[in-house]
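Computation of the quantities below employed the complete heavy-atom set of this structure, encompassing side-chain atoms and omitting hydrogens, waters and symmetry-equivalent molecules.
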Amino acid sequence: MDRIPILKMGDFLLVTIQVDLYDQLAENLETDLVNAVKKHNSKGVLIDISSVSIIDSFMGRILGNIGAMSRIMGAQSVIVGMQPAVAMTLVELGLTLTGVATALNVEKGMELLRSKILLSDGQSDDDDDNDTE
Amino acid sequence: MTTTLSKEDFLIVKEQDVVPFRNKVKDAAVKTGMGILNQTKLITAASELVRNLLKYGGGGTVAIEAVNNGRENGVRLVFSDKGPGIADLSLAMQDGFSTGKSLGLGLPGTKRLVNEFNIQSTVGEGTTVTIIKWKNG
Amino acid sequence: MNTNQSVKILKEKKDAILELWTAKQKAEDSYFNADDQKEDSEDFAASFLNALSDSTVEDQNSKGFDKVKETLLGISVSRAKRGFSPRETGTYLLSFKEALLEVLSNEFNDPAVLYAESLKISKIIDNMTILTFEGYIKGREDIISRQTDEITEISTPVIQVWDGVVALPIIGTLDSARTQVVMENLLQQIVDTGSTIAILDISGVPAVDSLVAQHLIKTVSATRLLGAECIISGIRPEIAQIIVHLGIDLSNIITKSTLASALQTAFGMLKLEVNKKGKFINN
C-alpha cells in the first residue's frame, strides 16, 4: 500500500505531497499523521501541497480533518502552497476549509507555525489543553 | 448543436482506476486547449462523480468525449452505473444532502464546476450523469 | 465543350459583365470607390464564371461552387470588418446578378428560354447572397471576440503597491466570467510576488448586488486558501447601504472605504509604520 512519507524536524512534522491523491492514500495520511503527532509529541504539522493539482471534496475534508485532529492533540497545523486553480475550484465546490491555517510557501508556513505555537504556549503555561481562542 | 469528435470508454471497477482515469480526462482537456483553471474544475468534477460511481453504483463506465458546439470545443463525460439508482433526485441535488459519509457537497458542488450537468436515474436500474465543460466555459 | 447556351455566353462576355457590374455598383453607392473593390470583384467574377458549367448551372448546391463560396465568404468577412453594412454587401452581390441577367437578356430572343435561363442563374446567386449574411455575422463575431479578449485583459491589472501587498482595482460590472478572470489574475500575482495581503478596490464597480457580493466573498475565500489575506476597499456610502439592506453578510471580510485606509490596515498587519521625516520638517 502506498504511503506519503512524514518527516520529523525537531518539534515539527513535515509532509510534502508529491503525487496526486486518491482516497485511500489520503485516508492513510490522516491516520499516519495523527499517530506521528502522538509518537513524537510534535507541536506543529506543515503540509506542502504545492504539487497537488486536484483536491476534491473528499481530499479537502481530509485536510480539514488533519487540522482539527492536530488541534485536539495540542499541535498546530498549516497547509502551504495551494495552487490558485485548486483554491478557486475548492471555493466553487463550496469548500472553504475555514479553521485550516494556510500559507503561501514553506518558509511563510514555518513562520506562521512558530508564531502560533508561541501564542498557544503563552496562553497555557505547560501542556495543558486549555485552548482559549 | 453538440457534435462528438471522438469517444473513448473507460471502465471503473476499483479505486486504483481513479488516478489513470483522471489522467485520461486531463489529456482530453489539454487536447481541447483548455486553460489550467477549467482543466482543474473539470478533473475535480470528474473525481467527485467517479467516487459516486464506485461508492453508490458499484463501479461502471465513463465515456470520455471530445465535443464541439459550433463555437468551441469541450469535453463531455458520461458516467453510467447499474447500481440501485437515486430515489429523489431533487433531494440529492440540494446543497448539504448526502447519504454517504462525505460532506454532501457532491452533486450540487460538482454542478457548479461544469457548464452542463444532467442526471438521470431509475431506482433498481442505475444512474447516468452527463457533464460538459467548454474550453472557455 | 459547354453545350448550355447561357454558360457559353456568360463565359465569353466576362469583360462586359465586369464593366456592367462596376457601373451598377457606382449607381447604388455614392461613396463608391472603384479601385477599392476592383480586385474583389474581379476575383469573384472570375471564380464564379470558372465554376459555371453544364452541370453546375443546373444545381445551386453543386460542389463545383465551393471555391466560389469560399471566395465570397472571404470578401464578406473582410467587408464586415471594414464597416460595410449587410445590406451593402447583399446589394453588391445582387448587382452582379443584374449584370449577368442583363447580358443574357441581350442574347436570348425567346422569352421562354430567357426566363428559364435567368431563373437558374438567379437561384445560384440568391443562394450565395445568404452566404454574405453569414460572412457578415462571422466578421462581426471576430471583432467582438477580439474586443472581449482585449477588455478582459486591460481591465484587470494587478499592481504591487508595497513589498508583500498587491492591489487590484476593479472597474466595471463584476459578472461571473469576469470574476473568474479577476480571481485568476489576483491569485497568480499573489503566488508570483509572494504577497500576503491583497487589496481589492471596488470604487469602479457601479453596483453591488447579492451576486456581486457572492463573487467578492468567493475571491476572499480563495485568497485565504492560498495563505494570504484579502481587504476590500472602495466601499462607497451607497454601496454600504445596499449591502446592509440586502442583508449580505460581509462580517468575515475586512472592508475599508478607501484604498488609502486599506493600505494603512495592510501596513498594520505587516507591522510596518509610515512616519514623516520629522527632523527636517519640524524646524
Heavy-atom check, side chain of A/L33 versus side chain of A/L13, under 4.5 Å = yes

message = In the structure I gave you, are the side-chain heavy atoms of A/I4 and A/L29 within less than 4.5 Å of one another anywhere?
response = yes

query = Are B/T4 and B/R76 close enough that a side-chain donor and a side-chain acceptor fall under 3.5 Å?
reply = yes

ask   = Heavy-atom distance under 4.5 Å between the side chains of A/V80 and A/N105, does that happen here?
value = no

inquiry  = Applying salt bridge (charged side-chain N to carboxylate O under 4.0 Å, His left out), can you list everything that pairs with A/D23, at least two apart in sequence or on another chain?
reply    = B/R51

Can I get a per-line list of side-chain donor-acceptor pairs under 3.5 Å for residues 93-103 of chain A, giving both atom names and the distance, sequence neighbours left out?
unit_1, atom_1, unit_2, atom_2, d
A/T102, OG1, C/R224, O, 2.4
A/T102, OG1, C/G227, N, 3.3

ask   = Is a donor on one side and an acceptor on the other found under 3.5 Å between the side chain of A/Q83 and the backbone of A/S50?
value = yes

note = Of all heavy-atom pairs linking B/E48 and A/D56, the shortest is OE2-CB, 3.0 Å

request  = Using a 4.5 Å cut-off on heavy atoms from C-beta on, say whether the side chain of A/V15 contacts that of A/L46.
outcome  = no

ask   = When you look at CD of B/E72, are more than 12 heavy atoms from neighbouring residues, nucleotides or ligands closer to it than 6.0 Å?
value = yes

Leading residue by heavy atom contact count with chain B [cutoff under 4.5 Å; candidates A/L90, A/L21, A/V86, A/T89] = A/T89

Residues of residues 107-116 of chain A contacting chain B, heavy-atom criterion under 4.5 Å, by residue number = none

ask   = Applying a criterion of heavy atom separation less than 4.5 Å, what residues of residues 19-40 of chain B form contacts with chain A?
value = B/V19, B/R22, B/I36, B/L37, B/T40

